[in-house]
Amino acid sequence: IQLIYVNMYQYDKYFLTENCYKEMFYHSAVAALPTTMLPQEELVPHCYDGMFSYCDQIVTLPEGFLPADQLVESCYACMFQVCDNLNNIQDEALPATKGAVKCYEEMFSGCPINSLSAGLLKLDELFEDCFAYMFSNNPNLTEVPSGLLPWTTLAVGCYRGMFEGCSNLNTLGDNLLPATTLAEFCYEEMFTSCDLTELPDDLLPATQLVNECYTDMFAYNPSLRKVTVNFESWDSATKDTDDYLPTDDWLVGVADDGEFYCPTSLAQTFGGSYIPEGWLVNGEEPVPPTPSNKAKIVFLKKYCAGVRK
């Protein structure tokens with residue numbers, strides 16, 4: 001299918017309905033995106049969900065194509081998913097300042113976008129899963145610039161999987177994640193399966209964690225060798241009955257040797273959900289765990305029993 005006439009939508013420009021254009025041009029030959037094509041400024045849930053997914057002739061998302069300032073639930077979800085040649089998003093292409101739940105979820109997942117401008121995302125505040133998997137599985141992206149994610153108040157799952165599977169992503173800008181108060185699942189899988197080698201010292205400023213906030217965050221970055229944190233406990237600060245480990249599998253599949261920097265009060269616990277085994281801690285070999293009194297008693301009982309025999 002080749003799109004020739006683009007003003008066919010004018011008749012309902014003020015009256016979108018839920019799912020109205022969902023997957024409308026899925027896997028078609030749409031190439032150009034004229035600014036007159038989607039003039040609607042009042043959106044409805046899922047209105048453009050998957051609309052241009054798998055359209056391999058789209059190269060650029062231009063300024064003015066998506067004019068809405070107020071987003072709604074899943075309005076742009078999967079909109080350009082796996083557009084194999086979409087490699088450019090103009091700086092002012094996403095002007096919305098008012099977000100919604102899952103508004104940008106998987107919008108550019110699988111697109112080979114070359115770079116992201118620091119001021120691309122303009123929301124006044126974050127919402128649950130608003131950027132979930134937005135740029136995931138991008139083979140071209142090598143850097144996430146400083147200033148792209150300036151929010152200091154997070155939402156549940158807001159950055160979940162945002163850059164997951166970006167296999168050539170190796171550089172994170174300074175002060176990229178300035179929030180010190182976290183939300184559940186906020187960074188889950190954010191940089192899973194990337195090509196990071198070390199994290200900026202200021203990347204993780206939070207001193208307290210919450211349920212699953214860092215789950216799988218840096219998992220399967222096989223060259224990652226340096227991590228710096230500021231939290232003093234592996235436990236969730238929420239302490240509710242549904243507690244889950246904040247750092248579950250967060251450093252599974254990283255380099256066999258590396259350096260972990262943390263406050264001296266943080267317990268030296270090792271494994272993929274804590275400090276990777278074989279890594280130095282604050283530049284020194286790990287401190288061997290001190291046997292508990294219970295362990296000592298068990299040992300003495302066994303030893304004394306052997307002596308009596």
Side-chain angles (χ1 to χ4, degrees), residues 53-54 77-87 89 102 104-116 120-121 129-146 148-149 154 156-173 176-177 182-200 203-204 206 209 211-229 244-260 270-279:
S53 57
Y54 291 86
C78 304
M79 189 173 185
F80 299 99
Q81 186 181 48
V82 196
C83 288
D84 287 340
N85 290 297
L86 200 171
N87 57 39
I89 302 175
K102 300 184 178 183
Y104 289 126
E105 184 180 34
E106 296 189 63
M107 185 175 185
F108 302 103
S109 179
C111 297
I113 298 164
N114 291 322
S115 63
L116 304 173
L120 179 65
L121 305 173
D129 287 323
C130 55
F131 298 136
Y133 302 97
M134 185 175 184
F135 302 108
S136 61
N137 297 308
N138 178 345
N140 285 9
L141 192 66
T142 61
E143 179 181 4
V144 181
S146 300
L148 180 69
L149 307 173
L154 305 185
V156 173
C158 55
Y159 300 142
R160 189 196 313 260
M162 191 172 186
F163 301 100
E164 181 265 337
C166 293
S167 55
N168 288 300
L169 176 58
N170 54 38
T171 303
L172 304 180
L176 179 64
L177 304 175
L182 307 183
E184 293 185 357
F185 306 100
C186 56
Y187 298 137
E188 182 184 19
E189 296 184 346
M190 187 174 186
F191 300 108
T192 298
S193 300
C194 295
D195 192 34
L196 301 173
T197 56
E198 62 178 70
L199 307 182
L203 183 69
L204 304 173
L209 307 182
N211 295 349
E212 303 213 47
C213 56
Y214 291 160
T215 292
D216 294 315
M217 187 174 184
F218 305 107
Y220 304 108
N221 279 259
S223 298
L224 183 59
R225 286 184 165 83
K226 183 184 176 186
V227 175
T228 301
V229 303
Y244 295 94
L245 184 66
T247 53
D248 190 28
D249 286 343
W250 77 315
L251 291 173
V252 165
V254 298
D256 292 336
D257 56 274
E259 300 174 78
F260 190 88
F270 294 88
S273 296
Y274 300 95
I275 303 170
E277 294 180 4
W279 283 29

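- A 4.5 Å side-chain heavy-atom check between T197 and N170 finds every atom pair outside the cut-off.
- Residues M190 and L149 have side chains in contact (heavy-atom distance under 4.5 Å, counting atoms from C-beta outward).
- Put simply, the side chain of T228 does not reach to within 4.5 Å of the side chain of L199, judged on heavy atoms.
- Between L172 and F163, every side-chain heavy-atom pair lies at or beyond the 4.5 Å cut-off.
- Side-chain N or O atoms of N140 include none that pairs as donor or acceptor with a backbone N or O of N87 at under 3.5 Å.
- Side-chain contact check for E184 and Y244: no donor-acceptor pair (N or O, by modelled atom type) lies under 3.5 Å.
- With N221 contributing its side chain and L224 its backbone, the two residues share no donor-acceptor pair below 3.5 Å.
- Each of D216, T192, L169 was compared with E164 under the side-chain contact (heavy atoms from CB on, under 4.5 Å) criterion, and only T192 meets it.
- Between D257 and R225 the shortest side-chain heavy-atom distance falls below 4.5 Å.
- Residues V227 and F218 fail the side-chain proximity criterion, which asks for heavy atoms closer than 4.5 Å.
- Using a distance-only test at 3.5 Å, with no hydrogens or angles considered, a donor-acceptor pair links the side chain of T247 to the main chain of S273.
- Judged by distance alone, the side chain of S109 and the main-chain N or O of E106 form no donor-acceptor pair under 3.5 Å.
- Looking only at side-chain heavy atoms (C-beta outward), F185 and D129 stay at 4.5 Å or farther from each other.
- Looking at W250, its side chain never comes within 3.5 Å of a backbone N or O of A219 through a donor-acceptor pair.
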